[in-house]
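Structure record follows, encoded as structure tokens.
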Amino acid sequence: MDSRCSSVDSWLTGRGPVSVSSTPLPARVESYEAGEKKCISDVRRTFCLFVTFDLLFITLLWIIELNVNGGVQAQLEKEVLHYDYHSSFFDIFLLAVFRFAALILAYAICKLRHWWAVAITTAVSCAFLIVKVILSKLLLLQGAFGYLLPIVSFILAWIETWLLDFKVLPQENEDESRYQSFMDAVERAPLMGPGPLSDGQFYSPPESLADSDEDLEDKHDPEKCLIQKVS
């Protein structure tokens with residue numbers, strides 16, 4: 001799909017006034033060109049926006065947690081500079097950064113059309129969060145945030161997987177199939193249709209045929225010509 005973004009105009013507009021269905025071809029070509037020029041589908045863009053939301057939401061929750069537990073600056077120094085796996089949320093924030101970087105690189109920049117990238121990010125996120133909840137002291141030390149951040153991060157990772165596997169990839173495959181069917185129909189159509197005919201191009205007066213017949217009869221009937229001359 002990506003390689004067609006630069007050549008779709010010349011590919012479609014250079015084929016002349018062909019018609020492959022009851023819908024006017026210019027309208028159909030314009031619709032497909034508009035979709036191809038974007039180079040990224042609407043569902044994929046929605047997925048990338050949700051990945052960005054994942055990072056921003058986890059960041060917001062982490063900043064709130066820092067502020068609640070004694071001030072942002074003091075808690076940053078404690079959780080980042082003096083990182084402790086058993087009591088810090090900094091690694092959950094880094095996990096959100098990892099998901100964001102991997103998914104944006106895979107599906108927005110490289111435009112992959114496979115689920116393996118989101119499967120890796122979701123598997124890493126789930127494994128890390130489950131181990132952290134089991135081994136850490138967050139549930140005892142942090143109160144509500146000890147539950148909130150791991151649970152929210154876990155849910156967002158699975159929503160990203162669901163969006164890609166059940167929305168983005170099926171929709172793009174359907175659009176690709178529709179586009180290919182349209183291009184096959186254009187390939188089978190004649191390259192150039194007949195030009196418009198002018199009103200007088202094949203005009204013949206109604207009397208012309210009758211006059212021609214009478215002239216022909218006059219030439220083959222000398223007696224009639226002689227009578228006409230005498231009279």
Side-chain angles (χ1 to χ4, degrees), residues 1-14 28-66 76 79-80 83 88-132 148-184 186:
M1 182 180 292
D2 305 331
S3 60
R4 295 197 303 269
C5 294
S6 60
S7 60
V8 68
D9 293 340
S10 59
W11 180 258
L12 293 176
T13 57
R28 292 167 60 86
V29 170
E30 182 179 356
S31 175
Y32 279 103
E33 284 181 353
E36 293 300 318
K37 284 179 181 178
K38 290 187 294 185
C39 296
I40 184 169
S41 64
D42 293 338
V43 287
R44 185 178 290 258
R45 186 167 61 250
T46 301
F47 173 78
C48 294
L49 287 174
F50 186 81
V51 172
T52 305
F53 168 78
D54 175 11
L55 174 62
L56 296 178
F57 191 53
I58 294 298
T59 303
L60 178 64
L61 290 179
W62 184 49
I63 293 174
I64 293 174
E65 182 269 333
L66 294 176
L76 274 176
E79 294 195 10
V80 177
Y83 170 75
S88 175
F89 284 114
F90 180 58
D91 46 13
I92 296 182
F93 166 75
L94 291 180
L95 189 64
V97 173
F98 161 73
R99 287 198 302 271
F100 173 81
L103 295 178
I104 291 298
L105 176 64
Y107 297 110
I109 299 176
C110 297
K111 297 182 179 68
L112 293 182
R113 303 190 65 182
H114 198 275
W115 48 262
W116 64 264
V118 75
I120 291 175
T121 59
T122 302
V124 170
S125 298
C126 292
F128 181 85
L129 291 170
I130 290 174
V131 172
K132 186 173 182 67
L148 186 60
L149 267 173
I151 292 175
V152 169
S153 184
F154 186 89
I155 292 175
L156 290 176
W158 277 101
I159 291 177
E160 290 164 354
T161 302
W162 176 82
L163 277 176
L164 185 82
D165 201 27
F166 290 93
K167 295 295 182 180
V168 177
L169 298 182
Q171 182 64 48
E172 289 186 345
N173 290 336
E174 182 180 347
D175 292 343
E176 177 72 15
S177 177
R178 188 182 300 111
Y179 178 87
Q180 190 60 47
S181 300
F182 173 75
M183 295 307 299
D184 291 342
V186 172

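Any value given below was found using the heavy atoms of this structure, including those in side chains, with hydrogens, waters and symmetry copies removed.
Judged as a salt bridge (Lys or Arg N to Asp or Glu O under 4.0 Å), not a single pair has a partner in residues 149-159 (not counting sequence neighbours). Sequence neighbours left out, the pairs with a member in residues 47-61 that pass salt bridge (Lys or Arg N to Asp or Glu O under 4.0 Å) are Asp54-Arg99.
By the side chain to side chain donor-acceptor pair (under 3.5 Å) test, Thr161 pairs with Thr122, sequence neighbours left out. For Ile130, the side-chain contact (heavy atoms from CB on, under 4.5 Å) partners are Ile134, not counting sequence neighbours. For the side-chain contact (heavy atoms from CB on, under 4.5 Å) test, residues two or more places apart in sequence or in another chain that qualify with Leu56 are Thr52.
Separation of atoms CG (Leu164) and CD1 (Ile159) is listed at 14.0 Å; rounding is to 0.5 Å. Distance CZ/Phe50 to CZ/Phe57: 10.0 Å, rounded to 0.5 Å. Rounded to the nearest 0.5 Å, atoms OG (Ser125) and CZ (Phe154) are 9.5 Å apart. Distance check: Arg113 CZ to Ser41 OG gives 8.0 Å after rounding to the nearest 0.5 Å. Taking CD of Glu172 as the reference point, atom CG of Asp42 lies at 10.0 Å (rounded to 0.5 Å). For the atom pair CD (Glu176) and OG (Ser181), the distance works out to 10.0 Å, reported to the nearest 0.5 Å.
Considering only heavy atoms from C-beta on, Phe89 stays 4.5 Å or farther from Leu61 through its side chain. Between Thr121 and Val118 the shortest side-chain heavy-atom distance falls below 4.5 Å. Contact annotation: the side chain of Tyr179 never approaches that of Asp175 to less than 4.5 Å [non-hydrogen atoms, C-beta and beyond]. At a threshold of 4.5 Å between non-hydrogen side-chain atoms, the residues Val51 and Ile104 count as touching.
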Take Thr46 and Leu163 through the side chain to side chain contact (heavy atoms under 4.5 Å, CB included) test and state the conclusion after the steps. CA-CA 9 Å; Thr46 301; Leu163 277 176; 5.6 Å; no

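Heavy-atom minimum distance, Lys167 versus Trp162: CE-CH2, 3.5 Å. For the residue pair Tyr107 and His114, the shortest heavy atom distance occurs at OH-O, 2.6 Å.
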N/O donor to acceptor pairs below 3.5 angstrom from side-chain atoms of residues 91-98, sequence neighbours left out:
from: Asp91; atom 1: OD1; to: Lys132; atom 2: NZ; distance (Å): 3.2
from: Asp91; atom 1: OD2; to: Tyr83; atom 2: OH; distance (Å): 2.6
from: Asp91; atom 1: OD2; to: Lys132; atom 2: NZ; distance (Å): 2.6

